[in-house]
Participant: 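If you scroll down you'll find the structure; I have some questions about it.
In this chain, residues are counted from 1 in sequence order. Since we're looking at a predicted model, the values are computed, not measured.
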Amino acid sequence: MKNPFYVNELPKQEMESLGLVDKTGNYILSPEDVEALLAGRRTNLMSLKNLDASGVQIEQLDAKLSLDRNPDGQVSFKLHPIYKQPVIPPLLDEDEAQALITGKTLSIDKIIPGPGKKEVVFEYDPDTREFISFDPKLVIAPDKINGYKLKDWQKDDFQKGFNVRLPDGTELQHRATDPKGIRADRAALILSVLLDGGISYLLIRGLRHLLNSDKKEQADEQTPAFKKAYAEMEKHFAKKFKATEQQTEETRGYNKTRAR
């Protein structure tokens, strides 16, 4: 699955000003946070020190980071600090906001009135005390999870952050506020997406537990469905590697023939 950002687009000058580059020029970011940034999501909460905000020196700021691309294509960081009090968006009433804050409701789907009736989903980030919103149509729903083909209504539920339950009992939910973008009652999942170039597999490990789950601990991900999907994924990549290797050999042979 293609990310909206690339590693070479990370704004190094901004990273240096945020204290995210060490003396040797290496990034001081966990692989999970880099993955979250490149996927267009937020990092984990981090402590930024000795910041210069328009001439104002900030000794320390706890915040999350995300990337933003302006109309000219330039990439920059967005800071998501911890707010003293949540600011309720105009589209949410008090009851809806409180349901998100308390965790009684994980996401709320709303329709913005006007031409086109744009749809928007709201979540609440308890780490920063911030409401966030996103267009569910921009969320790529997997075609399969652990080999199980999702029905259209399950894809719709996934895009809107509602719980999705697989035939073997595995439960998961898309979370825009989570660095990995997904939470599940198992620590690993295999996602399959059908793209123009064929099927694409993604193994996600280290998933956080479902929010508001009755289960105290995550279940073992090594289900029969997971093992079968894993075997299919390995077979897919082996076949792809073999095809690439064969193409390379053919190119070498062609170049040798031309050299004669």
Participant: What closest approach, in Å, do Glu9 and Pro4 show between heavy atoms, and which atom pair accounts for it?
Facilitator: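 In this case the closest contact between Glu9 and Pro4 is OE1-O, 4.2 Å.
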Participant: What I'd like to find out is whether the side chain of Glu232 reaches to under 4.5 Å of the side chain of Tyr201, using heavy atoms alone.
Facilitator: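 They are in side-chain contact.
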Participant: Using a cut-off of 6.0 Å, state whether more than 12 heavy atoms not belonging to Asp22 lie near its atom CG.
Facilitator: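 Counting other residues, nucleotides and ligands, CG of Asp22 exceeds 12 neighbours.
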Participant: If the condition is ring-ring contact (aromatic ring centres under 6.0 Å, His included), which residues does Phe158 pass it with, not counting sequence neighbours?
Facilitator: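 Expected list: His174.
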Participant: If Ile, Leu, Val, Met, Phe, Trp and Tyr residues are connected whenever their side-chain heavy atoms lie under 4.5 Å apart, and connections chain through other members, are Val7 and Val75 in the same group?
Facilitator: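 Yes, Val7 and Val75 fall within the same hydrophobic cluster.
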Participant: Step through the shown structure and confirm whether more than 12 heavy atoms of other residues, nucleotides or ligands are within 6.0 Å of CD on Glu59.
Facilitator: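 Open: at most 12 neighbouring heavy atoms sit under 6.0 Å from CD of Glu59.
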Participant: Considering residues at least two apart in sequence or located in another chain, which fulfil the side chain to side chain donor-acceptor pair (under 3.5 Å) criterion with Glu16?
Facilitator: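 Expected list: none.
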Participant: If you measure from CD on Glu130 to NE2 on His80, what distance do you get to the nearest 0.5 Å?
Facilitator: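 It comes to 6.5 Å.
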Participant: Leu106 vs Asn212, test: side-chain contact (heavy atoms from CB on, under 4.5 Å). Steps then yes/no.
Facilitator: CA-CA 9 Å; Leu106 299 179; Asn212 299 348; 3.5 Å; yes
Participant: With sequence neighbours excluded, tell me which residues meet salt bridge (charged side-chain N to carboxylate O under 4.0 Å, His left out) with Lys137.
Facilitator: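 Salt bridge (charged side-chain N to carboxylate O under 4.0 Å, His left out) check on Lys137 returns Glu119.
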Participant: Report yes if the side chains of Val121 and Lys110 come closer than 4.5 Å at any heavy-atom pair, otherwise no.
Facilitator: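 No, their side chains stay 4.5 Å or more apart.
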Participant: Verify the cluster assignment for Leu210 and Leu207: are they in a single hydrophobic cluster under the rule of side-chain heavy atoms below 4.5 Å apart?
Facilitator: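 As far as the 4.5 Å side-chain criterion goes, Leu207 and Leu210 are not connected within one cluster.
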Participant: Decide side chain to side chain donor-acceptor pair (under 3.5 Å) for Asn163 and Gln173; before the verdict, give the C-alpha distance in whole Å, the side-chain angles of both, and the deciding distance to 0.1 Å.
Facilitator: CA-CA 5 Å; Asn163 265 29; Gln173 59 197 203; 2.5 Å; yes
Participant: side-chain contact (heavy atoms from CB on, under 4.5 Å), that's the test. Do Phe77 and Leu18 meet it? Break it down for me.
Facilitator: CA-CA 10 Å; Phe77 279 111; Leu18 293 171; 3.9 Å; yes
Participant: Looking at Ile28, Leu20, Leu65, which hits side-chain contact (heavy atoms from CB on, under 4.5 Å) with Met15?
Facilitator: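 Looking at Ile28, Leu20, Leu65, the match for Met15 under the side-chain contact (heavy atoms from CB on, under 4.5 Å) is Leu20.
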Participant: Indicate the atoms forming the closest heavy-atom contact of Gln60 with Ser47, along with that distance.
Facilitator: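 Shortest heavy-atom separation between Gln60 and Ser47 comes out as NE2-OG, 3.0 Å.
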Participant: Output yes when a side-chain donor or acceptor of Glu96 lies under 3.5 Å from a complementary backbone atom of Asp93, and no otherwise.
Facilitator: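 Yes, Glu96 side chain to Asp93 backbone: donor-acceptor pair under 3.5 Å.
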Participant: Could you state the interatomic distance from NZ (Lys180) to CD1 (Ile204), rounded to the nearest 0.5 Å?
Facilitator: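 If we round to the nearest 0.5 Å, Lys180:NZ and Ile204:CD1 are 7.5 Å apart.
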Participant: Could you tell me the separation between the NE2 atom of His209 and the NZ atom of Lys216, rounded to the nearest 0.5 Å?
Facilitator: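 Answer for the NE2-NZ pair, His209 versus Lys216, is 11.0 Å.
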Participant: With a 3.5 Å distance limit and no angle check, can you tell me whether Arg42 reaches the backbone of Asp125 through a side-chain donor-acceptor pair?
Facilitator: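 Not a single qualifying donor-acceptor pair exists.
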Participant: Can you give me every donor-acceptor pair (side chain of residues 139-149, partner residue at least two apart or in another chain, under 3.5 Å) with its distance?
Facilitator:
| residue | atom | partner | partner atom | Å |
| --- | --- | --- | --- | --- |
| Asp143 | OD1 | Lys155 | NZ | 2.8 |
| Asp143 | OD2 | Leu194 | N | 2.6 |
| Asn146 | OD1 | Ile190 | N | 2.9 |

Participant: If I compare all heavy atoms of Leu67 with all of Leu37, which pair ends up nearest, and what's the gap?
Facilitator: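 Residues Leu67 and Leu37, closest heavy atoms: CD1-O, 3.6 Å.
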Participant: Which residues pass the salt bridge (charged side-chain N to carboxylate O under 4.0 Å, His left out) test with Arg186, sequence neighbours left out?
Facilitator: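 Partners of Arg186 by the salt bridge (charged side-chain N to carboxylate O under 4.0 Å, His left out) criterion come out as none, since no residue qualifies.
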Participant: State whether a side-chain donor-acceptor pair under 3.5 Å links Glu123 with Ser107.
Facilitator: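 Absent: no donor and acceptor within the cut-off.
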Participant: Could you give me the CA-CA distance, side-chain angles and deciding distance for Glu32 and Asn44, then say whether side-chain contact (heavy atoms from CB on, under 4.5 Å) is met?
Facilitator: CA-CA 8 Å; Glu32 183 181 61; Asn44 292 293; 2.7 Å; yes
Participant: Would you please test Lys160 and Asp156 for salt bridge (charged side-chain N to carboxylate O under 4.0 Å, His left out) and show each step?
Facilitator: CA-CA 6 Å; Lys160 294 174 182 176; Asp156 187 65; 3.1 Å; yes
Participant: Quick check on side-chain hydrogen bond (donor to acceptor under 3.5 Å, both in side chains): which of Asp127, Asp33, Thr43 does Lys64 satisfy it with?
Facilitator: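 So, applying the side-chain hydrogen bond (donor to acceptor under 3.5 Å, both in side chains) to Lys64 and each of Asp127, Asp33, Thr43, only Asp127 qualifies.
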Participant: Within a reach of under 6.0 Å around CZ of Phe162, are more than 12 heavy atoms found that belong to other residues, nucleotides or ligands?
Facilitator: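 Yes, CZ of Phe162 has more than 12 neighbouring heavy atoms, counting only those of other groups under 6.0 Å.
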Participant: Do Leu166 and Leu172 make a side-chain contact, defined as non-hydrogen atoms from C-beta onward lying under 4.5 Å apart?
Facilitator: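 When only atoms from C-beta onward are counted, Leu172 and Leu166 do touch, with a gap below 4.5 Å.
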Participant: Look up atom CD in Glu171 and atom CZ in Arg183, then write down how far apart they are to the nearest 0.5 Å.
Facilitator: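 One finds 14.0 Å between CD of Glu171 and CZ of Arg183.
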Participant: Please name the pair of heavy atoms, one in Val21 and one in Tyr27, separated by the smallest distance, quoted to 0.1 Å.
Facilitator: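 Answer, listing the atom of Val21 first, then Tyr27: CG2-CD2, 4.0 Å.
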Participant: Okay, side chain of Thr102, backbone of Gln98: is any donor-acceptor separation there less than 3.5 Å?
Facilitator: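 Yes, the answer is positive, given that a donor and an acceptor are paired below the 3.5 Å cut-off.
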Participant: side-chain contact (heavy atoms from CB on, under 4.5 Å), that's the test. Do Thr177 and Ile132 meet it? Break it down for me.
Facilitator: CA-CA 8 Å; Thr177 53; Ile132 73 166; 3.3 Å; yes
Participant: How many angstroms lie between CZ in Phe5 and CZ in Arg41, if you round to the nearest 0.5 Å?
Facilitator: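 So the CZ of Phe5 and the CZ of Arg41 are separated by 12.0 Å.
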Participant: Would the distance check show the side chain of Gln154 and the main-chain N or O of Lys151 forming a donor-acceptor pair, the cut-off being under 3.5 Å?
Facilitator: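 Checked: pair present.
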Participant: Which Ile, Leu, Val, Met, Phe, Trp or Tyr residues join Val120 in one cluster when any pair of side-chain heavy atoms under 4.5 Å counts as a link?
Facilitator: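 Noted: Val120 shares its cluster with Ile88, Leu91, Leu92, Leu100, Ile101, Ile108, Ile112, Phe122, Tyr124, Phe131.
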Participant: On a heavy-atom basis, which atom in Pro179 and which in Arg208 lie closest, and how many Å separate them?
Facilitator: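 Of all heavy-atom pairs spanning Pro179 and Arg208, the closest is CD-NH1, 3.7 Å.
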Participant: Indicate, with yes or no, if Tyr83 and Leu48 share a hydrophobic cluster defined by side-chain heavy-atom contacts under 4.5 Å among Ile, Leu, Val, Met, Phe, Trp and Tyr.
Facilitator: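 No; tracing contacts between hydrophobic side chains, which count when under 4.5 Å, never links both residues.
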Participant: Please find the pair of heavy atoms, one from Lys12 and one from Gly25, that lie closest to each other, and give the distance.
Facilitator: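 Result for this residue pair: NZ-O, 3.9 Å.
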Participant: Distance from Ile199 atom CD1 to Met233 atom CE, nearest 0.5 Å?
Facilitator: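 Rounded to the nearest 0.5 Å, the CD1-CE separation comes to 11.5 Å.
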Participant: Does a side-chain heavy-atom distance below 4.5 Å link Leu211 with Arg175?
Facilitator: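 They are in contact (side-chain heavy atoms under 4.5 Å apart), so the answer is yes.
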Participant: Within the distance-only criterion (no hydrogens, no angle test), does the side chain of Asn70 pair as donor or acceptor with the backbone N or O of Gln74 below 3.5 angstrom?
Facilitator: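 It does hold such a pair.
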Participant: Do Ile82 and Leu79 belong together in a cluster built from hydrophobic side chains that touch within less than 4.5 Å?
Facilitator: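 Result: no, two separate clusters.
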